[in-house]
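As structure tokens, the structure follows; a few thoughts come after it.
Just so we're on the same page: letters track the sequence lines, and every chain starts at 1.
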Number of protein chains: 2
Amino acid sequence: MQAAKPILYSYFRSSCSWRVRIALVLKGINYETVPIDLIKDGGQQLAIIEYLEETRPTPRLLPQDPKKRASVRMISDLIAGGIQPLQNLSVLKQVGEQNQLPWAQKVISSGFKALEQILQSTAGKYCVGDEVSMADLCLVPQVANAERYKVDLSPYPTINRINKTLLALEAFQVTHPCRQPDTPAELRA
Amino acid sequence: MQAAKPILYSYFRSSCSWRVRIALVLKGINYETVPIDLIKDGGQQLAIIEYLEETRPTPRLLPQDPKKRASVRMISDLIAGGIQPLQNLSVLKQVGEQNQLPWAQKVISSGFKALEQILQSTAGKYCVGDEVSMADLCLVPQVANAERYKVDLSPYPTINRINKTLLALEAFQVTHPCRQPDTPAELRA
């Protein structure tokens, strides 16, 4: 990793890939993107983010205080383990075409309800206090998924506010699905 | 946490609770169980395990080597983020009663197929090498869920072997769902 330029096997639309792209940009790691037209399950990319944190500690994506670190991981796991796996493409396929939209809306809304409540006690400018953390890397891609499935976001003012603040940061913009090598022309922005 | 005896809000059957019980016993932490008849989503309890690891580093549940740590976290996330959330009670309820068993079998089998392949390159005596890690805390409760949903485990010899080895250890036995304060009499062993 220190020697060769790392390769990220990435899919422009995958919220899991996006999380990792943000971490790479925040850590200032110059990486190569190899687009793969394949959706992988679940929250496994958190292992990549934790690995990056351990091998490239600056800037930190986990707070120094163990209790705040636990808050960051709880929020990250809620999104990457409790919401995203229930609305990814392989699950939606299994649910059947006509049930996809209501299914995705239901699992995202019920996850966001829990998330909004947690954020009301942990958030500062960002998910946990005033420093960007792994939790923020998970939040923005998940809100993009929610918008894609037309979830009504008005009941989640804290999620909305943090998401907007984060989307103003460069690391979240340059890694956005609408600006990836494999983004189709009609989805570019 | 150092001062007061910690309380674990636990449900005897929940694989998420079981993972944390094993970590507490391995760390030698005397805790109080408060049974709650409620199933919480997802892999959030990994945040508790990471917190325990940071505040009580001995015995370690994550290897020292960053690449091995990444393997442990990848396996843990595959189980806690890629398998368990797809077969927990709230999802099964949403799937509808007659579809529950085939749904659970399908998501567990497809997760175990990926897991078996990963373990074939990472496993020693346990999931990653010869030391018990967070990955093992995730494995055993998930295999118990597979058995509960009558998943055919014969295609997964590595999963089977590691699970049996782990179930011989005291920390996995005393924390077993069949021996919890809220285990109903007919399920005790």
Side-chain angles (χ1 to χ4, degrees), chain A residues 1-2 16 40-57 62-88 90-91 93-96 99 102-104 106-107 110-111 113-115 118 128 134-135 138, chain B residues 1-2 16 40-57 62-88 90-91 93-96 99 102-104 106-107 110-111 113-115 118 128 134-135 138:
Chain A
M1 185 97 191
Q2 305 284 349
C16 301
K40 290 284 286 180
D41 267 0
Q44 292 182 57
Q45 280 74 359
L46 282 187
I48 300 180
I49 298 172
E50 296 265 4
Y51 175 80
L52 289 175
E53 181 72 1
E54 285 169 352
T55 54
R56 311 271 185 127
L62 285 169
Q64 211 150 7
D65 173 64
K67 289 197 178 168
K68 282 195 178 167
R69 292 165 80 90
S71 293
V72 168
R73 288 200 172 101
M74 183 181 64
I75 293 165
S76 304
D77 288 347
L78 171 61
I79 298 170
I83 306 176
Q84 192 278 340
L86 301 178
Q87 54 96 81
N88 71 16
S90 74
V91 169
K93 210 172 150 187
Q94 199 167 324
V95 162
N99 302 318
W103 173 283
K106 189 170 169 185
V107 296
S110 102
K113 204 174 147 187
L115 182 60
I118 291 168
V128 179
M134 184 165 73
C138 295
Chain B
M1 185 101 187
Q2 305 283 348
C16 301
K40 290 283 285 180
D41 267 2
Q44 292 183 57
Q45 280 74 0
L46 281 188
I48 302 179
I49 298 172
E50 296 265 5
Y51 176 81
L52 289 175
E53 181 72 2
E54 285 170 350
T55 53
R56 311 273 185 122
L62 285 169
Q64 213 151 4
D65 173 63
K67 288 197 177 170
K68 282 194 179 166
R69 290 165 82 90
S71 293
V72 167
R73 288 200 173 103
M74 182 181 64
I75 294 165
S76 303
D77 287 347
L78 171 60
I79 298 170
I83 306 176
Q84 193 277 341
L86 302 178
Q87 53 95 79
N88 71 16
S90 73
V91 169
K93 209 171 151 188
Q94 199 167 326
V95 163
N99 302 318
W103 172 283
K106 187 170 171 188
V107 297
S110 101
K113 205 174 145 190
L115 182 59
I118 291 168
V128 178
M134 184 166 73
C138 295

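Considering every non-hydrogen atom in both A:Pro66 and B:Thr55, the closest pair reads CB-CG2, 3.9 Å. Nearest heavy-atom pair, B:Gly81 versus A:Pro85, reported as atom, atom and distance to 0.1 Å: O-CG, 2.8 Å.
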Full working for side chain to side chain contact (heavy atoms under 4.5 Å, CB included) between B:Gln94 and A:Val107: CA-CA 10 Å; B:Gln94 199 167 326; A:Val107 296; 3.9 Å; yes

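Rounded to the nearest 0.5 Å, atoms CD (A:Glu54) and CD (B:Gln64) are 11.0 Å apart. Remark: B:Asp77 CG to A:Ser76 OG distance equals 10.0 Å, nearest 0.5 Å. Note: B:Ile48 CD1 to A:Arg73 CZ = 12.5 Å, rounded to the nearest 0.5 Å.
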